[in-house]
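Basis for what follows: all heavy atoms, side chains included, without hydrogens, waters or symmetry-related copies.
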Amino acid sequence: MFKIITKNDDFVVVSKAAGVNFHDEGELGSGLFSQVKNHLIQQSEMTELFPVHRLDKMTSGLIIFATNSHSAKIFGELFQQHKVEKYYLAISDKKPIKKQGLIKGDMNKSRRGMFKLMRTMQNPAITQFFSYGIGNKQRLYILKPHSGKTHQLRVALGSIAAPILGDPLYHPTSTTDRGYLHAYALKFELLGKTFQFILPPDEGTFYFSEQTTKILTEIKQPWLLPWPKL
């Protein structure tokens with residue numbers, strides 16, 4: 001359900017599997033945080049673990065945990081100030097209203113635990129993206145969120161008529177092997193040192209298509225794409 005990508009005295013980076021909840025789910029079992037903490041304690045590698053951000057249950061990929069209260073405080077400030085660069089991969093099987101650009105707007109709660117994007121801009125969710133045709137009427141999206149709202153990327157793509165393939169809330173009519181949202185890359189500076197992590201998906205049939213693989217090979221480091229300044 002998870003793999004340790006790297007660990008040091010200040011943080012652990014984990015690869016989360018799709019379909020794993022961050023929090024415990026009662027009779028359904030332990031969540032990601034409990035699993036990682038218990039594993040590290042059993043391995044006598046550390047005694048404390050602090051969550052600093054989360055991923056939705058359907059989302060796979062990179063997630064950070066702090067390993068002491070000092071680094072947890074620093075990460076809290078970094079995320080609050082949007083100084084942790086995050087990049088995601090998503091696939092949709094619907095034709096988008098636009099193929100690249102900016103998606104921005106306030107998010108309000110809707111029905112059945114969903115959210116919707118509004119036209120107001122009081123405290124907007126902000127997402128930049130590029131997309132690439134990968135055949136089979138599908139597009140691959142590289143997403144760069146500049147805020148950390150619940151369901152932000154799922155709502156953003158839904159707002160341009162391109163809900164994420166396999167998303168049980170925003171694209172319930174799609175049937176596939178997983179929800180196609182993946183936390184692909186992280187870049188941040190901590191205590192004077194720059195850290196970069198890139199993790200291609202290791203589950204999901206459509207992530208392994210020849211065209212998708214070619215695009216990811218060409219992109220290499222997503223922070224080097226020509227992202228316009230906000």
Side-chain angles (χ1 to χ4, degrees), residues 1-2 14-35 51 53-63 79 86-99 101-131 134 136-184 201-207 212:
M1 294 187 178
F2 70 90
V14 169
S15 170
K16 172 190 171 298
V20 177
N21 204 40
F22 185 87
H23 298 292
D24 294 344
E25 295 187 279
E27 295 180 356
L28 295 177
S30 298
L32 177 72
F33 176 69
S34 293
Q35 292 179 39
H53 68 133
R54 294 181 294 175
L55 294 177
D56 289 346
K57 184 173 183 177
M58 67 171 266
T59 309
S60 61
L62 295 167
I63 186 167
F79 276 102
K86 298 179 288 183
Y87 301 87
Y88 292 76
L89 303 177
I91 293 177
S92 178
D93 61 349
K94 300 294 184 182
K95 185 177 181 180
I97 294 172
K98 57 181 179 179
K99 296 180 179 180
L102 180 70
I103 303 171
K104 184 176 181 180
D106 293 328
M107 287 176 54
N108 283 354
K109 288 185 177 180
S110 184
R111 53 192 175 86
R112 296 188 294 109
M114 300 170 65
F115 290 81
K116 58 184 177 181
L117 195 72
M118 311 297 290
R119 294 186 177 182
T120 56
M121 297 289 175
Q122 295 179 1
N123 183 23
I126 304 169
T127 304
Q128 290 178 295
F129 73 99
F130 293 101
S131 73
I134 55 174
N136 198 30
K137 297 183 179 180
Q138 297 176 354
R139 294 192 73 82
L140 174 71
Y141 292 80
I142 309 291
L143 301 146
K144 181 182 181 181
H146 292 269
S147 49
K149 310 291 186 181
T150 301
H151 292 189
Q152 176 174 327
L153 302 181
R154 300 162 69 182
V155 171
L157 287 186
S159 74
I160 61 168
I164 295 171
L165 191 63
D167 188 328
L169 278 179
Y170 300 95
H171 196 356
T173 58
S174 65
T175 55
T176 187
D177 55 345
R178 59 160 295 179
Y180 276 82
L181 182 59
H182 177 76
Y184 179 52
D202 62 2
E203 54 182 329
T205 302
F206 298 125
Y207 279 136
T212 300

### Summary
Residues passing the side chain to side chain contact (heavy atoms under 4.5 Å, CB included) test with Arg112, sequence neighbours excluded, are Met114, Leu169
### Task
Would you please name every residue forming a side chain to side chain donor-acceptor pair (under 3.5 Å) with Ser30, sequence neighbours left out?
none
### Message
To check you understand the geometry: which heavy-atom pair defines the closest contact between Gly61 and Leu55, and what is its length?
### Response
O-CD1, 3.9 Å
### From His23 atom NE2 to Leu32 atom CG, the distance as rounded to the nearest 0.5 Å
10.0 Å
### Task
Determine the minimum heavy-atom distance between Arg178 and Gly204, stating which atoms define it.
CD-CA, 3.6 Å
### Message
With rounding to the nearest 0.5 angstrom, report the OG to CG distance, Ser174 to Asp93.
### Response
6.0 Å
### Task
With sequence neighbours left out, write down each residue that passes side chain to side chain donor-acceptor pair (under 3.5 Å) with Lys57, or none if nothing qualifies.
Glu25
### Query
Counting N and O atoms only, with roles assigned by atom type, does the side chain of Ser34 sit under 3.5 Å from a partner on the main chain of Gly31, one being a donor and the other an acceptor?
no
### Task
Would you indicate whether the side-chain heavy atoms of Ile63 and Phe2 approach each other to under 4.5 Å?
no
#### Entry: Pairs satisfying salt bridge (Lys or Arg N to Asp or Glu O under 4.0 Å), at least one member in residues 159-175, at least two apart
Arg154-Asp167
### Query
What are the two closest non-hydrogen atoms of Lys86 and Pro145, and how far apart are they?
O-CD, 3.3 Å
Could you give the side-chain donor-acceptor pairs of residues 120-129 under 3.5 Å, partners two or more places apart or in another chain?
residue: Thr120; atom: OG1; partner: Asp106; partner atom: OD2; Å: 2.5
residue: Asn123; atom: OD1; partner: Lys149; partner atom: NZ; Å: 3.3
residue: Thr127; atom: OG1; partner: Gln152; partner atom: NE2; Å: 2.8
residue: Gln128; atom: OE1; partner: His146; partner atom: NE2; Å: 2.6
residue: Gln128; atom: NE2; partner: Pro228; partner atom: O; Å: 2.8

### Task
Please round to the nearest 0.5 Å and tell me the distance separating atom CG of Leu62 and atom OH of Tyr88.
9.0 Å
### With Ala90 via side chain to side chain contact (heavy atoms under 4.5 Å, CB included) - residues at least two apart
Tyr141, Leu143, Leu157, Ile164, Leu181
### Summary
One should read off an interatomic distance between Tyr170 OH and Ser110 OG, to the nearest 0.5 angstrom, of 7.5 Å
### Query
For Asp202, what residues pass the salt bridge (charged side-chain N to carboxylate O under 4.0 Å, His left out) criterion, not counting sequence neighbours?
Lys3
### Task
Check side chain to side chain donor-acceptor pair (under 3.5 Å) between Asp177 and all other residues, then give those that pass, not counting sequence neighbours.
Tyr180, Thr205
### Atom pair CZ (Arg139) and NZ (Lys95), whose distance is rounded to the nearest 0.5 Å
9.5 Å
### Atom pair NE2/OG of His182 and Ser15 - distance to nearest 0.5 Å
6.5 Å
### side chain to side chain contact (heavy atoms under 4.5 Å, CB included) partners of Ala161, counting only residues at least two apart
Ile97
### Residue list, side chain to side chain contact (heavy atoms under 4.5 Å, CB included) with Thr212, at least two apart or on another chain
Ile134, Leu140, Ser209, Leu216
### Query
Glu203 and Ala17: which non-hydrogen atoms are nearest, and at how many Å?
OE2-CA, 3.3 Å
### Task
Identify the heavy atoms of Gly105 and Leu117 that sit nearest to each other, and give their distance.
O-CD1, 3.5 Å
### Message
Tell me the closest heavy-atom pair linking Lys94 and Pro163, and the distance in Å.
### Response
CG-CD, 3.9 Å
### Query
Does Tyr87 reach the side chain of Lys144, with side-chain heavy atoms less than 4.5 Å apart?
yes
### side chain to side chain donor-acceptor pair (under 3.5 Å) partners of Tyr207, counting only residues at least two apart
none
